[in-house]
Number of protein chains: 2
Amino acid sequence: MMSQEIPYKIYLSEEEMPKQWYNVRADMKNKPAPLLNPATHEPMTLAELEHVFCTELAKQELDDTTPYFDIPDEILGFYRMYRPSPLVRAYCLEKKLDTPAKIYYKFEGNNTSGSHKLNSAIAQAYYAKQQGLKGVTTETGAGQWGTALSMACSYFDLDCKVYMVKCSYEQKPFRREVMRTYGASVTPSPSMDTEVGRKILAEHPGTTGSLGCAISEAVEAATSTEGYRYVLGSVLSQVLLHQTVIGLETKAALDKYDITPDIIIGCAGGGSNLGGLVSPFIGEMLRGEKKYQVIAVEPASCPSLTRGKYAYDFCDTGKVCPLAKMYTLGSGFIPSPNHAGGLRYHGMSSVLSQLYDDGLMEARSVEQTAVFKAAEQFARVEGILPAPESSHAIKVAIDEAMKCKETGEEKTIVFGLTGTGYFDMYAYESFHDGTMKDYIPTDEDLQPGFDSLPKM
Amino acid sequence: MMSQEIPYKIYLSEEEMPKQWYNVRADMKNKPAPLLNPATHEPMTLAELEHVFCTELAKQELDDTTPYFDIPDEILGFYRMYRPSPLVRAYCLEKKLDTPAKIYYKFEGNNTSGSHKLNSAIAQAYYAKQQGLKGVTTETGAGQWGTALSMACSYFDLDCKVYMVKCSYEQKPFRREVMRTYGASVTPSPSMDTEVGRKILAEHPGTTGSLGCAISEAVEAATSTEGYRYVLGSVLSQVLLHQTVIGLETKAALDKYDITPDIIIGCAGGGSNLGGLVSPFIGEMLRGEKKYQVIAVEPASCPSLTRGKYAYDFCDTGKVCPLAKMYTLGSGFIPSPNHAGGLRYHGMSSVLSQLYDDGLMEARSVEQTAVFKAAEQFARVEGILPAPESSHAIKVAIDEAMKCKETGEEKTIVFGLTGTGYFDMYAYESFHDGTMKDYIPTDEDLQPGFDSLPKM
């Protein structure tokens with residue numbers, strides 16, 4: 001069963017690790033639409049963005065022409081602590097499925113933050129430190145981003161203030177303790193600390209919070225405190241840029257063994273992992289060098305690509321952030337409480353939205369019990385307990401491998417395994433107990449979200 | 001700060017991975033004392049051990065002359081899924097401590113079981129499968145061993161019945177769910193399933209269980225069910241044998257860069273990790289080739305090496321297992337409930353006990369708040385959230401590095417980082433909240449344990 005040539009895990013040496021991030025926007029003919037000032041509807045300027053973001057990050061956000069950015073030495077140094085991440089040949093899964101397909105996964109869970117989020121967290125913390133800032137603020141939902149940012153800030157000795165969606169804060173005390181271990185302060189959102197938090201609490205006294213609301217609080221806390229800026233773990237183009245370290249390593253590892261993938265699969269929430277994984281491959285497509293089948297996988301309960309509108313929308317509930325053009329369910333969309341794990345943001349990265357609109361990738365939505373079934377199947381043979389988010393990609397990778405079994409095609413499938421599920425055992429428990437529910441919103445369920453879109 | 005020559009992480013290629021386990025007993029002049037039949041006090045024979053253990057494992061248990069055992073191909077194949085594990089140069093910790101010492105750690109937490117336990121679990125499951133058994137039984141305390149064994153059994157399609165110490169079962173529902181994800185059945189111990197369980201419950205109706213009691217139940221369940229055998233995650237010589245993959249890889253990685261360690265440090269509970277890490281190095285000492293300072297680190301609350309007696313003792317509460325000569329606190333010893341995490345077994349591997357008695361290693365005991373302080377210090381700079389058990393080794397590694405800072409010596413320190421602390425956040429929480437207590441038993445506290453030693 002096992003090829004003698006391709007090892008279970010392909011590791012790059014430290015010398016082979018990428019020294020630059022890749023900016024796919026530089027190769028896009030149709031550039032992603034610019035961020036707009038929510039008051040004037042004019043494109044955001046650097047001066048405006050600098051109030052919210054670190055200056056270097058604001059520059060990266062606006063730059064759609066520079067194809068490569070050097071990764072600063074300090075960040076390379078930190079990357080070396082947990083990167084390169086392995087590209088694993090899923091021999092055991094292939095055998096179990098009895099498929100002629102060749103399956104590879106890029107595993108980003110080999111660090112304490114437990115996910116790929118650290119790739120951008122360390123970059124954002126670095127630029128904040130360089131700028132002489134005292135600290136940063138952010139929001140976290142499931143907790144992966146907050147954990148990663150806490151770790152990065154601890155490394156650079158920066159204050160880290162995390163607004164954690166209240167229901168997660170209460171349901172995931174362990175996530176909170178990990179952040180505390182790294183020295184972060186964690187506040188359940190909405191809180192009485194901010195004006196927008198007090199306003200939301202006055203309007204909805206019993207609310208358990210949302211990501212959009214926590215973003216508003218974190219932005220207010222950053223912009224109203226001297227020496228602080230706001231950082232975000234997904235959606236933004238700067239985040240996708242940092243996350244391309246995933247795709248560049250994947251490509252280098254495949255190239256090392258002369259492997260050309262047919263299908264590349266990533267789970268999609270705000271787009272940080274998907275964009276990071278697929279950008280270098282889509283770059284080849286944009287330059288007319290190669291052709292791949294790229295598949296974004298999203299939860300059926302939060303289907304921004306498959307059922308959203310491509311429109312300008314608010315990024316947060318409090319409407320203090322710039323407007324972004326993206327596939328969106330509307331900032332008023334609230335995912336069903338039945339939905340476990342992340343991937344619950346109402347919109348999609350504007351870069352990925354444009355690429356999707358241009359036909360460079362396809363999208364599929366999957367239901368969560370099917371996702372957990374795939375997760376368990378994967379865990380039992382590959383020895384990694386996957387995060388629910390990552391398991392969306394596993395589900396479609398298995399689907400594609402089973403198609404190959406029917407047709408006899410020996411396709412090469414690469415998917416992103418973004419992280420581990422150690423902090424998601426409540427969800428696994430409900431899956432085991434049979435109490436986990438699927439949820440597909442009706443068109444009427446989606447309407448309130450669409451009604452919340454800004455009038456432009 | 002960073003040497004250009006030594007990477008952050010030294011990885012072996014798959015070809016460089018060990019193909020054999022090393023049996024340190026073959027090089028010992030003073031062999032470990034044999035296991036004795038608890039009824040006759042005669043050395044256990046293969047025929048007797050076969051009732052409890054798989055035949056191949058019983059042979060390994062008794063063999064103190066064969067220096068190397070080939071690792072079967074199927075096990076090598078599984079090892080390739082998560083091994084080689086990285087030997088990490090702790091550049092960031094060195095910098096933070098401002099020490100001239102060079103610190104390395106062998107990180108065994110890079111698999112879903114989250115610890116080194118998988119190295120032996122997969123071996124034991126393999127031999128059970130080879131023998132045509134239906135399944136295996138075991139006990140688990142903190143849950144690392146049960147998780148590892150569940151994963152290994154799932155891989156070989158074996159039944160896995162885990163008796164989990166009742167208080168852990170209730171306090172660590174997530175550990176239980178991970179085992180269920182891998183298809184294991186998990187029973188809180190003591191249970192009404194076994195005679196010994198019913199007896200213990202009748203005598204101590206409110207008991208929350210102990211490791212010694214869970215062992216008795218697992219052994220009874222194995223020996224009374226057709227097609228089952230009992231497996232154990234530590235203490236036994238066969239387990240140390242499998243775990244030498246840790247030390248052999250460590251040595252190969254060091255040799256690759258011409259590094260000779262001065263100090264080798266491992267945490268010590270039953271001895272599985274410590275023995276696996278240090279065996280190849282102690283082998284060199286036994287053969288008169290090299291000299292190292294080897295340090296076993298144990299909790300002050302369960303100090304078998306530093307304060308125990310070297311004597312024959314029962315391995316379990318129900319006294320159904322063979323007697324082993326070991327450093328022991330007595331099978332009647334009960335660790336304080338203040339003690340978090342593992343390393344709570346009353347005795348120490350008979351191999352390590354003999355080596356310690358012969359002066360080939362030293363032992364230190366450390367208190368748990370100091371351990372968690374070291375854990376947090378390590379996590380903040382090295383990006384890995386360590387298990388409480390592993391953090392015992394971190395504590396002494398930091399102590400030794402700080403001594404080097406005083407003396408200016410550039411010692412090379414290697415320690416074993418056995419696993420991650422994702423499932424130990426309650427303990428971290430009590431550390432953060434300041435409610436964590438230290439506990440050093442008085443001589444009087446230890447006496448009831450010593451009184452329980454068998455009269456020989």
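Chain A is the first sequence line, chain B the second, and so forth, proteins listed ahead of strands; every chain is numbered from 1. We use all heavy atoms of the structure for the numbers below, so side chains are in, but hydrogens, waters and symmetry mates are not.
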Would you mind checking which part of A/R176 comes under 4.5 Å of any heavy atom in chain B, side chain (CB onward), backbone (N, CA, C, O), both or neither? side chain
Looking at OH of B/Y91 and CE of A/M81, how far apart are the two atoms once the value is rounded to the nearest 0.5 Å? 13.0 Å
Quick one: which residues of residues 370-378 of chain B reach chain A at under 4.5 angstrom, heavy atoms only? B/E376
Is it the case that atom NZ in A/K19 sees more than 12 heavy atoms from other parts of the structure closer than 6.0 Å? yes
Which residues in residues 380-388 of chain A have a heavy atom less than 4.5 Å from any heavy atom of chain B? A/R380, A/V381, A/E382, A/G383, A/I384, A/L385
Interatomic distance, NZ@A/K96 vs CG@B/D157, rounded to 0.5 Å, equals 5.0 Å
Distance, nearest 0.5 Å, that separates CZ of A/F78 from OH of B/Y8: 9.5 Å
When rounded to the nearest 0.5 Å, the distance separating CD of A/E177 from CZ of B/F431 is 11.5 Å
Counting C-beta onward and ignoring hydrogens, is there a side-chain heavy-atom pair between B/M425 and A/F423 closer than 4.5 Å? yes
Which heavy-atom pair separates B/C92 from A/Y155 by the least distance, and what is that distance? SG-CE1, 3.6 Å
Parallel, tilted or perpendicular: ring planes of A/Y422 versus B/Y422, cut at 30 and 60 degrees: parallel
Heavy-atom proximity to chain A below 4.5 Å, by part of B/F174: both
Between A/E14 and chain B, with a heavy-atom cut-off of 4.5 Å, which part of the residue counts as in contact: side chain, backbone, both or neither? side chain
Approximate separation, where rounding is to 0.5 Å, of A/Y82 OH and B/K9 NZ: 9.5 Å
